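Taking it in order: structure first as structure tokens, then the write-up.
Chain letters run A, B, ... following the sequence lines, proteins first and then strands; every chain starts at 1. Values in this document were obtained by computation on a predicted structure and should not be read as measured data.
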Number of protein chains: 2
Amino acid sequence: MVNKGNIRLIDIAGKLNITVNTASKALRGKPGVSDETRKAVKKLAEELGYVPNSLAKGLQSGQTFTVAIIFDVLINPYFMIMADKIHQKLKTLGYDTMIFAGEDGKLEINTLKTLLSRRVDGIITFLEPSDDVNSILYNTRIPTVLIGRKNINLNISTISTDDYKGSYEVGKLFITNGAKNIGYIGIPEDIECSKRRLSGLMQSMIDHGVAYNDANFRFMKTPQIADELNELIKNKVDAIFIFNDMLLLEAYIILKDQGIKVPDDIMLAGFDNIQEELPNPLKITTVASDKTKIIETAVNLLFNHINNKEVYEYQHVEFDVELIVGETTKSLISS
Amino acid sequence: MVNKGNIRLIDIAGKLNITVNTASKALRGKPGVSDETRKAVKKLAEELGYVPNSLAKGLQSGQTFTVAIIFDVLINPYFMIMADKIHQKLKTLGYDTMIFAGEDGKLEINTLKTLLSRRVDGIITFLEPSDDVNSILYNTRIPTVLIGRKNINLNISTISTDDYKGSYEVGKLFITNGAKNIGYIGIPEDIECSKRRLSGLMQSMIDHGVAYNDANFRFMKTPQIADELNELIKNKVDAIFIFNDMLLLEAYIILKDQGIKVPDDIMLAGFDNIQEELPNPLKITTVASDKTKIIETAVNLLFNHINNKEVYEYQHVEFDVELIVGETTKSLISS
DNA sequence: TTGTAGGCGTTATCAT
DNA sequence: ATGATAACGCCTACAA
């Protein structure tokens, strides 16, 4: 089947005895078309339900008005919130959104090839690019912004939060509220910010004179938090800083099932403040940042790159954080 | 700028002194190319990082290997869960995913035009199409599946859950546990399944000899549940069936803030069982269905349509539901 | 086995 | 103001 019932410019032109060229210009408000012709074209296009073929347009112009978002799993309130904000913002700019899951927590070559093949105009990724991808991104100058995972070794723009400060504050809060044996559960160690959050926590413990036990600082090897959590329970920690709020919720449920009380037996703190956008019956103690502003900045940065492809100067923007005290940590003890 | 640094078939062909045709066939494993040539082409393509231009491919073939998902807001665990499952499934089939937000809770003409323009191969929508869109979908035979919102007046395939039965069961549970004054909060009334869920609840009350008060059956006019909820609180209901789990969580928080105890003062039940995929500290009483199977069926149905465009026979599939009893309803009273 | 020609739908350029 | 032509990159059909 040749023309699957889609109306083309040539169909309009044919019925009006003009050329596609004229029809094209008429519809796009370009000069050089008489008012009369323009009206006739627009009217007929409307009647026939003409919709321009964006593939042809994209092939011709090299622009697809498409941005790709890369994450690992969408079933993570944080990604979902951010994806929604990005999608909304892009829509106002006339861009559509594709979603892709990376592999092994990275934006790797397979995914990138799809993006290249589809000629997306830009990439917003929540996953660090693998090394080979990083160099391709750099060489091809395809506009890319990495959100949430600062890594100054990468040749791309990044928007991150002040992991170090946030983690430091969490440590301080734990200690102020009586914690003596603090644990940490992060995502795999090769993710820069997972390490950074630990280092903030450790410095906080050092500065506040609380001894730390390396065995209580753990990086997940699987997507499940249970193993690492059980290890910490065995070690009788009284507070755990968890990489993000979703993992915290998983931990909370496991603790609840074991009859361990939060925050009385164990205090918990997370990262992301997902409860800001998502109803959550448990008020989490967490590190927050201005997600809307982050997305705003990320998209602006992306479009800077898109509109100035010759000057590929990547930037690293870091956002301030704020500690939100919820029900998963004790209130100040005045004993 | 003409060729933005992207390698094309002609680049490969040129360096090898063959034609694009041969290069094309070589890369796609088509017969009629000598082993020697094929190897050389593949090697060079690999070295040069050749990636086919999917726009050109799509323009030529009329296939884009793209499916669009339509929802209203992504910040809804249910959509997120479903979107993730769809995306995963599509990926295994070699298709990529675009996401679109409808307007006013419908898949309306603006969004549809974008989909037509992009020549997506199929549409999976969580929103009912508006009337004009429905007829276009029917006329153009663009493969579409509507999930979660059965409406037999639509000319498209739908996958839904047994709203009536689920709601009936909820009513029964409420009543068994002592509810005398039951309320309902649904999304706007023009959404079929919002009405259907109410009717199941009402029938249940009738069958079990519990009087109902129309003033306690409410449909939201804004995205916020607070107004309707406060009305029910005023009316001193002792149980509320809420359209879905996310709204239930919002309601729970509002009740908690007002010092109203769940389930002691008011029982709550929702729909979707989002806690199956998402960690949730509060175990919700909710109506569940097999989401993975639903998505599996939806995607299969979609590809039936895609692969048999001549026979456009839409189907309505309804999935069974199961009542999950959580902490938001009382346990059986034996008084 | 390899090459040539035409077309997918649109836009830009250069005529007329 | 309008038309003709070429190009975007690829694939199919047919020819050599």
Whole-Å distance separating the [atom1] atom of [X] from the [atom2] atom of [N]:
X: B:Ile12; N: C:dT2; atom1: CD1; atom2: C1'; value: 17 Å
X: B:Ile10; N: D:dC8; atom1: CD1; atom2: C1'; value: 11 Å
X: A:Leu9; N: C:dA12; atom1: CG; atom2: P; value: 12 Å
X: B:Arg119; N: D:dC10; atom1: CZ; atom2: P; value: 20 Å
X: A:Leu27; N: C:dT10; atom1: CG; atom2: P; value: 10 Å
X: A:Leu16; N: D:dT2; atom1: CG; atom2: C1'; value: 13 Å
X: A:Asn53; N: D:dG9; atom1: CG; atom2: P; value: 16 Å
X: A:Gln63; N: C:dT11; atom1: CD; atom2: P; value: 12 Å

Taking the basic N atoms (NZ, or NE/NH1/NH2) and the acidic carboxylate oxygens, is any pair closer than 4.0 Å for [X] and [Y]?
X: A:Lys15; Y: A:Glu47; result: no
X: A:Arg149; Y: A:Glu192; result: no
X: B:Glu46; Y: B:Lys42; result: no

Looking at [X], I'd like to know whether one of its side-chain N or O atoms comes within less than 4.0 Å of OP1 or OP2 on [N].
X: A:Tyr50; N: C:dT10; result: yes
X: A:Arg8; N: C:dT10; result: no
X: B:Ser24; N: D:dC11; result: yes
X: B:Thr37; N: C:dT2; result: yes

Exercise for the section: Indicate, with a heavy-atom threshold strictly under 4.0 Å, whether B:Asn17 touches base, sugar-phosphate, or nothing. Expected result: sugar-phosphate
Pick base, sugar-phosphate or nothing for B:Leu55, based on heavy-atom distances below 4.0 Å to the nucleic acid.
nothing
Of the candidates D:dC10, C:dT11, C:dT4, the side chain of B:Thr19 sits closest to C:dT4
From the candidates D:dT2, D:dC10, C:dG3, the one with an atom nearest any side-chain atom of B:Thr22 is C:dG3
Per nearest nucleotide of DNA chain C, the residue lying toward the 5' end, B:Leu59 or B:Ser34, is B:Ser34
Contacts of A:Lys57 and B:Val20 projected onto DNA chain C by closest heavy atom; the upstream (5') one is B:Val20
Anything under 3.5 Å between a protein N or O and an N or O of nucleotides 13-16 of chain D, put it in a table, one pair a line.
residue, atom, partner, partner atom, Å
D:dA13, N6, B:Asn21, ND2, 2.6

More than 12 heavy atoms of other residues, nucleotides or ligands under 6.0 Å from CD1 of A:Ile10: is that the case?
no
- Query: Does CG in B:Asp131 sit with more than 12 non-hydrogen atoms of other residues, nucleotides or ligands closer than 6.0 Å?
  - Reply: no
Residues passing the ring-ring contact (aromatic ring centres under 6.0 Å, His included) test with A:Phe79, sequence neighbours excluded, are A:Phe126
Contacts of B:Ser130 meeting side chain to side chain contact (heavy atoms under 4.5 Å, CB included) (sequence neighbours excluded), chain-then-number -> B:Glu108, B:Asp132, B:Val133
| task | Ignoring hydrogens and angles, state whether a donor on the side chain of B:Asn300 or B:Glu296 is under 3.5 Å from an acceptor on the partner side chain. | result | no
